[in-house]
Every structure is written in C-alpha cells, then in structure tokens.
Amino acid sequence: MRIAVSGKGGSGKTTIAATLARLFARRGYRVSALDDDPNPNLAVALGLPADQLRRLGPVPREEILEERVDAHGVASLHLTRPFEDVIEAYGARGPDGVAVLAMTGVLGAGKG
Ligand SMILES: Nc1ncnc2c1ncn2[C@@H]1O[C@H](COP(=O)(O)OP(=O)(O)OP(=O)(O)O)[C@@H](O)[C@H]1O
Ligand SMILES: [Mg+2]
C-alpha cells in the first residue's frame with residue numbers, strides 16, 4: 001500500500017506522515033517513508049538520532065531512476081536497482097524500524 005500525504009503548508013502533513021509510519025511499523029508492516037519536501041524534516045519527525053540524520057542527503061535521481069518510453073510514446077520512470085538497495089545506500093532506519101529517504105533538499109539560492 002502507498003499513502004501520499006499532501007496539502008496546505010503547515011497543516012500537519014509531516015506530523016501525520018511520521019505518526020502513521022511508526023504506528024504501521026509497530027503493527028508489523030514493513031514501512032518506507034519518503035520525504036519529497038524541498039526542506040525535508042520527516043526524518044526529524046520520525047525521531048531519527050543525529051548520527052542517522054547525517055546519513056541522509058538528496059538521492060541522486062539520475063543514478064536510481066531511468067525513463068522508459070513504451071510503444072505508444074508514454075514515458076514512465078523505473079528504479080534501476082531494488083528499492084531495498086536504494087534505502088541501504090542513501091537512506092536510514094529510524095525508531096520502530098521505519099526506513100526513510102529524503103528525495104531532495106535545499107539545493108541553493110534560486111535553484112528550485
Ligand atoms: N494535530 C495537531 N495539533 C496541534 N499542532 C499540530 C498538530 N499537527 C501538527 N501540529 C504542529 O503544527 C506545526 C506544523 O506541522 P507539520 O510540520 O507537521 O506541518 P506540515 O504540513 O508538514 O508543514 P510544511 O508545509 O511546512 O511541511 C508543527 O509545529 C506541528 O507540531
Ligand atoms: Mg512538512
């Protein structure tokens with residue numbers, strides 16, 4: 001199951017996402033939490049210790065994703081390696097065993 005949390009700024013998305021992730025993990029589900037906020041703080045909300053937080057950086061999308069175009073010209077993105085490998089290489093594991101990836105971050109002034 002995939003759950004996406006989006007909405008108005010400051011409405012509690014990160015708090016809800018982190019809480020859901022930990023509750024599902026405590027119930028025995030294998031949970032991966034992906035933060036795509038340009039100012040990522042999901043890992044903090046999940047309660048990762050400082051040494052684990054330092055491991056997280058923007059995931060180099062060009063290294064883990066490839067675009068494929070089907071016979072009808074429809075493009076789609078695919079992982080170039082198993083998701084577990086991506087978590088091991090670029091992610092961290094927090095309380096209750098939740099795996100977390102920060103997809104992006106502050107790239108610099110005026111860089112989107
Ligand atoms: N149910 C709640 N009751 C009271 N305060 C809350 C609740 N949920 C979140 N907050 C507080 O509201 C603030 C914003 O929450 P949060 O960071 O989760 O929102 P967000 O939607 O992720 O924000 P952003 O758009 O900046 O990413 C935080 O200080 C958080 O502690
Ligand atoms: Mg947020």
Side-chain angles (χ1 to χ4, degrees):
M1 184 195 308
R2 292 178 188 151
I3 301 175
V5 181
S6 68
K8 186 179 178 301
S11 56
K13 300 179 295 292
T14 297
T15 307
I16 290 283
T19 304
L20 283 176
R22 290 191 58 174
L23 288 175
F24 279 123
R26 282 183 199 180
R27 291 182 185 187
Y29 293 95
R30 196 178 56 170
V31 179
S32 302
L34 311 184
D35 194 353
D36 204 22
D37 191 316
N39 185 14
N41 57 9
L42 181 60
V44 175
L46 282 165
L48 265 77
D51 61 316
Q52 291 286 76
L53 289 173
R54 278 193 290 274
R55 277 178 53 90
L56 290 172
V59 176
R61 293 173 195 231
E62 62 285 354
E63 283 181 25
I64 65 158
L65 291 174
E66 67 180 9
E67 186 179 275
R68 295 183 200 153
V69 182
D70 69 15
H72 306 288
V74 177
S76 55
L77 290 170
H78 299 264
L79 284 172
T80 56
R81 49 180 146 156
F83 184 67
E84 285 301 321
D85 289 1
V86 177
I87 292 277
E88 287 308 315
Y90 304 106
R93 207 166 282 278
D96 299 316
V98 175
V100 58
L101 273 181
M103 296 305 296
T104 184
V106 178
L107 304 174
K111 294 192 176 166

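Throughout, residue positions are numbered sequentially from 1 according to the sequence presented. Indexing begins at 1, ligand by ligand and atom by atom, following the structure's order.
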Are more than 12 heavy atoms, taken from residues, nucleotides or ligands other than Arg27, located less than 6.0 Å from that residue's CZ atom?
no
Is the count of non-hydrogen atoms from other residues, nucleotides or ligands lying under 6.0 Å from Arg30 atom CZ greater than 12?
no
Ligand 1: which residues have a non-hydrogen atom closer than 4.0 Å?
Lys8, Gly9, Gly10, Ser11, Gly12, Lys13, Thr14, Thr15, Asp37
Should Leu56 and Val59 be regarded as members of a common hydrophobic cluster, given that ILVMFWY residues are connected when their side-chain heavy atoms come within less than 4.5 Å of each other, either directly or indirectly?
no
Same cluster (ILVMFWY, side-chain, under 4.5 Å), Tyr29 and Ile16:
yes
CD of Glu62 to OG1 of Thr80, rounded to nearest 0.5 Å, is 10.5 Å
I'd like to know if the side chain of Asp70 and the backbone of His72 have a donor-acceptor N/O pair within less than 3.5 Å.
yes
Near the Mg ion (ligand 2) (cut-off under 2.8 Å), count of protein N, O or S atoms:
1
Name the atoms and distances for all side-chain donor-acceptor pairs under 3.5 Å in residues 33-40, with sequence neighbours left out.
| unit_1 | atom_1 | unit_2 | atom_2 | d |
| --- | --- | --- | --- | --- |
| Asp35 | OD1 | Asp37 | N | 3.1 |
| Asp35 | OD2 | Asn41 | N | 3.0 |
| Asp35 | OD2 | Leu42 | N | 2.9 |
| Asp36 | OD1 | Arg61 | NH2 | 3.0 |
| Asp37 | OD1 | Asn39 | N | 2.8 |

Which is it for Val31 and Arg22 under the side chain to side chain contact (heavy atoms under 4.5 Å, CB included) test, yes or no, and what are the steps along the way?
CA-CA 8 Å; Val31 179; Arg22 290 191 58 174; over 6 Å; no
Counting only pairs under 3.5 Å, give me each side-chain donor-acceptor contact of residues 4-13, with atom names and distances, residues two or more places apart or in other chains.
| unit_1 | atom_1 | unit_2 | atom_2 | d |
| --- | --- | --- | --- | --- |
| Ser11 | OG | Lys8 | O | 2.6 |
| Lys13 | NZ | Gly7 | O | 3.3 |
| Lys13 | NZ | Lys8 | O | 2.8 |

